[in-house]
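Take a look at the structure below.
By convention in this document, chain letters (A, B, ...) are assigned in the order of the sequence lines, proteins followed by strands, and residues within each chain are numbered from 1.
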2 protein chains.
Amino acid sequence: MRLTTKGRFAVTAMLDLALRQANGPVTLAGISERQHISLSYLEQLFGKLRRRALVESVRGPGGGYCLARAACEITVAEIITAVDEPIDATQCGGRENCRDESRCMTHDLWTELNTTIHGFLSNVTLASLIEKQQEKTKRCSETLSIVKDQRQNYLNHQNAH
Amino acid sequence: MRLTTKGRFAVTAMLDLALRQANGPVTLAGISERQHISLSYLEQLFGKLRRRALVESVRGPGGGYCLARAACEITVAEIITAVDEPIDATQCGGRENCRDESRCMTHDLWTELNTTIHGFLSNVTLASLIEKQQEKTKRCSETLSIVKDQRQNYLNHQNAH
DNA sequence: CCAAACCCGACTATTTTAGTCGGGTTTTTA
DNA sequence: TAAAAACCCGACTAAAATAGTCGGGTTTGG
């Protein structure tokens with residue numbers, strides 16, 4: 001599993017899609033504008049996402065893209081592997097380079113690391129990302145209202161004098 | 001934390017060093033030969049490893065490199081960050097690219113992923129890699145001796161006829 | 001003093017990344 | 001039915017990163 005900005009762009013774009021698909025298909029032009037990713041680049045990415053059945057396209061005017069499944073059924077791991085194709089993880093896929101004692105020691109290490117990364121990203125869905133963000137926004141506005149209350153109290157107090 | 005072949009080479013080389021340092025400093029020429037990594041490339045890597053105080057050098061004939069600490073005190077994470085320098089993890093280190101709602105959502109994700117990877121690799125030391133390998137070799141030779149026993153039994157049985 | 005080793009900065013070929021370009025095709029709507 | 005909005009797609013390309021090489025040092029044991 002490779003980790004590049006391509007994968008990050010794809011996750012960002014999918015998130016934008018997830019947040020807006022309520023009112024029908026979302027256009028790439030819109031995503032491009034909001035997320036500042038070039039249209040042609042998005043076309044490339046969404047071509048792959050469609051082939052991997054993570055999104056569905058609607059052609060013609062009024063068209064765009066929708067998630068192919070519910071946001072809670074799409075993991076970040078899937079998005080990343082869709083756009084950053086395989087290219088084998090541990091390099092020495094049985095061939096060369098692996099030598100002597102050091103061979104299997106590092107080999108196993110990279111395999112385990114890959115499993116770890118993949119496991120982590122498989123546990124994160126678009127829905128869970130959105131949810132986590134909403135929690136944070138909520139806490140933020142709660143804090144804000146507390147601050148406002150305190151300010152009001154202070155002003156009331158001042159006026160009393 | 002970046003994961004490149006440079007980091008993998010460094011780990012392999014350090015492992016070679018850990019396994020051989022018992023009889024004094026290990027030369028890069030030796031590591032180069034055993035692990036098939038070019039001498040000049042090793043010099044580059046060990047320059048960085050030395051500056052990060054993971055190895056110590058002994059100059060002049062009979063010289064070479066030693067681990068600067070015990071093998072159980074050197075983690076894979078340290079080796080990798082020593083050779084693959086920083087370059088910020090989450091890209092948008094506060095600047096640009098991060099926009100609107102999608103901003104913090106993906107941002108936090110990459111930060112957490114980095115923490116996960118770093119955590120994993122910080123728990124792996126040179127010593128633990130060697131130990132794990134030895135266990136495996138041991139299990140291997142046990143299996144081998146069982147197979148040999150069975151073969152002997154079979155042959156004895158044949159001779160009885 | 002010489003050879004074995006480390007030391008180091010500058011250079012370079014290759015690959016990958018990020019993205020453009022120029023053409024399509026499909027479908028809605030006026 | 002024509003125009004326009006959208007997707008579709010392969011080929012190309014500039015820039016950056018990677019994975020090294022090269023050519024000179026310096027240090028030190030014998």
Side-chain angles (χ1 to χ4, degrees), chain A residues 1-13 17 20-21 23-33 35-52 54-66 68 80 83-88 91-92 96-97, chain B residues 1-13 17 20-21 23-33 35-52 54-66 68 80 83-88 91-92 96-97:
Chain A
M1 161 153 286
R2 272 188 303 174
L3 300 166
T4 65
T5 62
K6 197 185 220 165
R8 280 194 277 264
F9 278 158
V11 174
T12 302
L17 182 49
R20 293 181 186 266
Q21 67 169 353
N23 353 308
V26 180
T27 68
L28 293 189
I31 298 177
S32 167
E33 209 175 304
Q35 308 299 336
H36 304 107
I37 307 173
S38 92
L39 182 58
S40 337
Y41 203 32
L42 279 175
E43 287 183 340
Q44 244 182 60
L45 298 179
F46 275 78
K48 291 178 180 178
L49 292 170
R50 189 173 51 83
R51 266 166 249 137
R52 299 298 196 94
L54 294 178
V55 296
E56 275 166 12
S57 63
V58 178
R59 303 185 73 164
Y65 286 91
C66 311
I80 290 180
V83 299
D84 270 334
E85 38 237 81
I87 225 177
D88 177 41
Q91 186 132 64
C92 63
E96 223 140 18
N97 188 274
Chain B
M1 162 153 285
R2 271 190 302 174
L3 301 166
T4 65
T5 62
K6 197 183 219 164
R8 280 194 277 265
F9 278 157
V11 173
T12 302
L17 180 50
R20 295 183 185 267
Q21 69 169 353
N23 353 307
V26 180
T27 68
L28 292 190
I31 298 178
S32 167
E33 209 176 304
Q35 308 299 335
H36 305 106
I37 306 172
S38 93
L39 182 59
S40 337
Y41 203 32
L42 279 174
E43 286 183 340
Q44 237 182 66
L45 299 179
F46 275 79
K48 292 179 180 177
L49 292 169
R50 188 174 51 83
R51 267 166 250 136
R52 298 300 195 94
L54 294 178
V55 297
E56 275 165 9
S57 63
V58 180
R59 303 184 73 163
Y65 286 92
C66 312
I80 290 181
V83 299
D84 270 334
E85 40 235 82
I87 222 177
D88 177 41
Q91 186 130 65
C92 62
E96 223 139 17
N97 189 277

Any chance you could measure A:Asp84, atom CG, to A:Thr4, atom OG1, to the nearest 0.5 Å?
3.5 Å

For A:Ser38, does its backbone N or O pair with a side-chain atom of A:Ser32 as donor and acceptor, under 3.5 Å?
no

In whole angstroms, the gap separating C1' of D:dG20 from CG of B:Leu45 amounts to 10 Å

Count the heavy atoms belonging to other residues, nucleotides or ligands that lie under 6.0 Å from CD of A:Glu33, then report whether that count exceeds 12.
no

Rounding to a whole Å, what distance do you find between A:His36:NE2 and C:dG19:C1'?
16 Å

More 5' along DNA chain D: A:Phe46 or B:Gly60, using each one's nearest nucleotide?
A:Phe46

Name the closest nucleotide to the B:Tyr65 side chain, picking from C:dC6, C:dG19, D:dC7.
C:dC6

For B:Lys6 and C:dT15, what is the distance between atoms NZ and C1' respectively, to the nearest whole Å?
15 Å

Which value, rounded to the nearest 0.5 Å, describes the distance between B:Leu54 atom CG and B:Leu45 atom CG?
12.0 Å

Give the rounded distance in Å between these two atoms: CG of B:Leu42 and P of D:dT21.
10 Å

Look at the side-chain N and O atoms of B:Thr27 and state whether any lies under 4.0 Å from the OP1 or OP2 oxygen of C:dA5.
no

Between B:Arg50 and C:dC6, is there a contact of a side-chain N or O with OP1 or OP2 at under 4.0 Å?
no

Could you give the CD1-to-P distance, from A:Ile37 to C:dT20, as a whole number of Å?
12 Å

Is it the case that the side chain of A:Ser57 and the backbone of A:Tyr65 share a donor-acceptor pair, with hydrogens and angles ignored and the cut-off at 3.5 Å?
no

Under the side-chain contact (heavy atoms from CB on, under 4.5 Å) rule, what do B:Phe46 and B:Ile31 come out as? Steps first, then yes or no, please.
CA-CA 11 Å; B:Phe46 275 79; B:Ile31 298 178; 4.0 Å; yes

Side chain of B:Pro61, heavy atoms from C-beta onward: which of C:dT25, D:dG20, C:dA3 has the nearest atom to it?
C:dA3

Please state whether the base of D:dT26 and the side chain of B:Arg59 form at least one donor-acceptor pair under 3.5 Å?
yes

Residue B:Arg51, side-chain heavy atoms: nucleotide from C:dA4, D:dT21, C:dC8 that is nearest
C:dC8

How close or far is atom C1' of D:dT18 from atom CZ of B:Arg8, stated in whole angstroms?
12 Å

Counting any heavy atom closer than 4.0 Å, what does A:Gly47 reach on the DNA or RNA strands: base, sugar-phosphate only, or nothing?
nothing

When all nucleic acid strands are considered with a 4.0 Å heavy-atom cut-off, which category describes B:Ser40: base, sugar-phosphate, or nothing?
base

Per B:Ser57 side chain, nearest of listed nucleotides C:dC6, D:dT21, C:dC21:
C:dC6

Kindly point out which of D:dT28, C:dA10, C:dT26 is positioned nearest to the side chain of B:Gln44?
C:dA10

Name the nucleic acid region contacted by A:Gly63, choosing base, sugar-phosphate or nothing; use a 4.0 angstrom heavy-atom cut-off, strictly under.
sugar-phosphate

Between B:Thr5 and D:dA19, is there a contact of a side-chain N or O with OP1 or OP2 at under 4.0 Å?
yes

Using atom NZ of A:Lys48 as one end and atom C1' of D:dC7 as the other, report the distance to the nearest whole Å.
17 Å

A:Tyr41 OH to C:dC21 P: how many Å, rounded?
16 Å

So does B:Glu43 reach the base of C:dC7 with its side chain, donor to acceptor, closer than 3.5 Å?
yes

